[in-house]
Participant: 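Dropping a structure here in structure tokens format, bear with me for questions.
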There are 2 protein chains.
Amino acid sequence: MNPKRQLLVDTALDLFYKNGINSIGINEVISVSGVAKRTLYAHFASKEALIVAALQKRHEIFAAWLEQKLSGSNSNQEVIQRLFAALASWFAHKENTLGDFRGCFFINTSAEFSDMNSEILQFCRFHKEQVRDIISRHLINADSALLDAICIMKEGAIVIAQLGGDGGAVTAKCTEMLQALES
Amino acid sequence: MNPKRQLLVDTALDLFYKNGINSIGINEVISVSGVAKRTLYAHFASKEALIVAALQKRHEIFAAWLEQKLSGSNSNQEVIQRLFAALASWFAHKENTLGDFRGCFFINTSAEFSDMNSEILQFCRFHKEQVRDIISRHLINADSALLDAICIMKEGAIVIAQLGGDGGAVTAKCTEMLQALES
DNA sequence: GCTAGAGTAGACAATTCGGTCTACATATGT
DNA sequence: ACATATGTAGACCGAATTGTCTACTCTAGC
């Protein structure tokens, strides 16, 4: 809608994801985006509101990306294979839609805020539920045990890839294990 | 060794782990510990040096805790069972040694710093390698595939527990799946 | 008793933080 | 043509940031 608001959210998301939220001040967001500080505070009541908007934007991007990666799968085996192939591609910085991989924005954000009741952490939990739902909807005869296993390994793979592990090897292991579990 | 230094590291670790590193200023560390600022800078060249010392302390505590939890295991099945039982207990805030659970300090710290070559992130990677080694040493005929699976699920369980998931249920799933994989 | 080491309190510097405010410019709809 | 909305630049505020410095106190060893 509003182009300035959108620019601010995009810039904030980019800076927050790359550097961590507490490392980026409002002044950096405005100087990088080229938007006046007054305009920022015309669109957002506070830095926290901007953070929430950035989280929402990231959620939209990620959910759409995942949905597209999984849509059209014909078996649970294929869902597993596609999901972890997509993650591997993300880890290897080959997914332009998601930007350069630096872990899960929502896990990272959770690390920076301690008030579990804040809107920020509530949204992080919401995102994880939604992602679980997306995966679930693509599974045939949604087996809860399989869904749990997929979600656990997905988070594990993301964390290990972020801390310098071999993202390709890890996702391959996950695929192998989960496909064995399903058959 | 030096009591003031130790007090500073303990206080810093507690505050950093509870609130995130960038949310805690040097002034808070000194006011909570009751140590003069001058003394802090007599022991540490900078905040970064204090952070590294806190990471080291946390690593010592965690490594000793894990070692104790796994020592005396008589089979890979038992290692798996013990590891995830210990994690479940940690997630449920029943491990006094580790303090109230708020995720993995090293994953959390990785989220706050972006320079992969900094001493801070180097130490986070070192910690993960060491933990992997500890688990590996307790496995019989250390099967690399099993070790990978354990490490992936361990990270996944920690992240899910941190974001409000049912830590007990997740660790039970992990135990079940890994024991099936091993038999 | 004196000296040296270690610690204290807190002022201070320089910068940055989130956020407010004034004064002005531009663009759009009627 | 004029009003309204939306934008700009940037001064300003009080608080907080990391880090330095001065001046004083306490304690242990000789």
Side-chain angles (χ1 to χ4, degrees), chain A residues 1-57 108-109 111-115 117-121 123, chain B residues 1-57 108-109 111-115 117-121 123:
Chain A
M1 306 291 131
N2 188 302
K4 294 290 174 181
R5 186 192 154 96
Q6 205 147 359
L7 176 59
L8 283 165
V9 173
D10 289 348
T11 307
L13 173 55
D14 186 56
L15 292 172
F16 288 162
Y17 180 56
K18 276 199 175 78
N19 304 95
I21 291 176
N22 285 329
S23 301
I24 296 297
I26 236 65
N27 290 314
E28 191 148 0
V29 175
I30 63 164
S31 85
V32 170
S33 65
V35 172
K37 190 183 276 199
R38 192 70 210 262
T39 307
L40 189 156
Y41 281 99
H43 289 296
F44 303 97
S46 63
K47 187 188 183 184
E48 179 163 354
L50 178 62
I51 295 168
V52 172
L55 288 167
Q56 276 164 343
K57 173 91 182 190
N108 291 353
T109 299
E112 297 203 64
F113 299 88
S114 45
D115 177 5
N117 296 322
S118 71
E119 204 178 342
I120 291 171
L121 291 199
F123 193 87
Chain B
M1 308 293 130
N2 188 301
K4 295 290 174 185
R5 186 192 153 96
Q6 204 147 359
L7 176 58
L8 283 165
V9 173
D10 289 347
T11 306
L13 172 54
D14 185 57
L15 292 172
F16 288 163
Y17 180 54
K18 277 198 175 78
N19 304 96
I21 291 176
N22 285 329
S23 302
I24 296 296
I26 236 67
N27 291 316
E28 191 148 359
V29 175
I30 64 165
S31 84
V32 171
S33 66
V35 172
K37 189 181 277 196
R38 193 69 211 262
T39 307
L40 189 156
Y41 281 99
H43 289 296
F44 303 98
S46 63
K47 187 187 181 183
E48 179 163 354
L50 178 62
I51 294 169
V52 171
L55 287 167
Q56 275 164 342
K57 173 92 184 191
N108 290 352
T109 299
E112 298 203 64
F113 299 89
S114 47
D115 177 5
N117 295 324
S118 71
E119 205 179 339
I120 290 171
L121 292 199
F123 193 87

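By convention in this document, chain letters (A, B, ...) are assigned in the order of the sequence lines, proteins followed by strands, and residues within each chain are numbered from 1.
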Participant: Can you find a heavy atom in the side chain of L121(A) that is under 4.5 Å from one in the side chain of D115(A)?
Facilitator: no
Participant: Given atom CD1 of I24(A) and atom C1' of dG18(C), what is their separation to the nearest angstrom?
Facilitator: 14 Å
Participant: Let me know the distance between CD1 of I26(B) and P of dA15(D), rounded to the nearest Å.
Facilitator: 22 Å
Participant: Can you tell if the side chain of L50(A) reaches within under 4.5 Å of the side chain of H43(A), non-hydrogen atoms only?
Facilitator: no
Participant: How is L7(B) classified with respect to the nucleic acid when contacts are heavy atoms under 4.0 Å: base, sugar-phosphate, or nothing?
Facilitator: nothing
Participant: Please confirm whether the shortest side-chain N or O distance from H43(A) to OP1 or OP2 of dG7(D) is below 4.0 Å.
Facilitator: yes
Participant: Distance check needed: dT16(C) C1' versus N27(B) CG, whole Å only.
Facilitator: 14 Å
Participant: Rounding to an integer number of Å, can you tell me how far I30(A) CD1 sits from dC17(C) P?
Facilitator: 10 Å
Participant: Here's a test of your reading of the structure: between R5(A) and S46(B), which maps to the more 5' nucleotide of DNA chain D?
Facilitator: R5(A)
Participant: Figure out the CD1/C1' separation between I51(B) and dT17(D), and round it to whole Å.
Facilitator: 13 Å
Participant: Does a distance-only test, which skips hydrogens and angles, find a donor-acceptor pair under 3.5 Å between the side chain of K47(B) and the base of dG19(D)?
Facilitator: no
Participant: Quick check on dT6(D): is either OP1 or OP2 less than 4.0 Å from any side-chain nitrogen or oxygen of T39(A)?
Facilitator: no
Participant: Would you kindly give the CZ-to-P distance between R38(A) and dG18(C), to the nearest whole Å?
Facilitator: 18 Å
Participant: Can you measure from CG (L7(B)) to OG1 (T39(B)) and round to the nearest 0.5 angstrom?
Facilitator: 10.5 Å
Participant: NZ of K4(A) versus P of dT26(C): gap in Å, rounded?
Facilitator: 14 Å
Participant: Given side chain to side chain contact (heavy atoms under 4.5 Å, CB included), test N108(A) with F16(A) step by step and report yes or no.
Facilitator: CA-CA 10 Å; N108(A) 291 353; F16(A) 288 162; over 6 Å; no
Participant: If we ignore hydrogens and angles and just use 3.5 Å, is the side chain of E119(B) paired with the main-chain N or O of V52(B) as donor and acceptor?
Facilitator: no
Participant: Round to a whole Å and report the spacing from CZ of F44(A) to C1' of dG18(C).
Facilitator: 15 Å
Participant: With respect to the side chain of K37(B), which nucleotide from dT8(D), dT20(C), dT20(D) is positioned closest?
Facilitator: dT20(D)
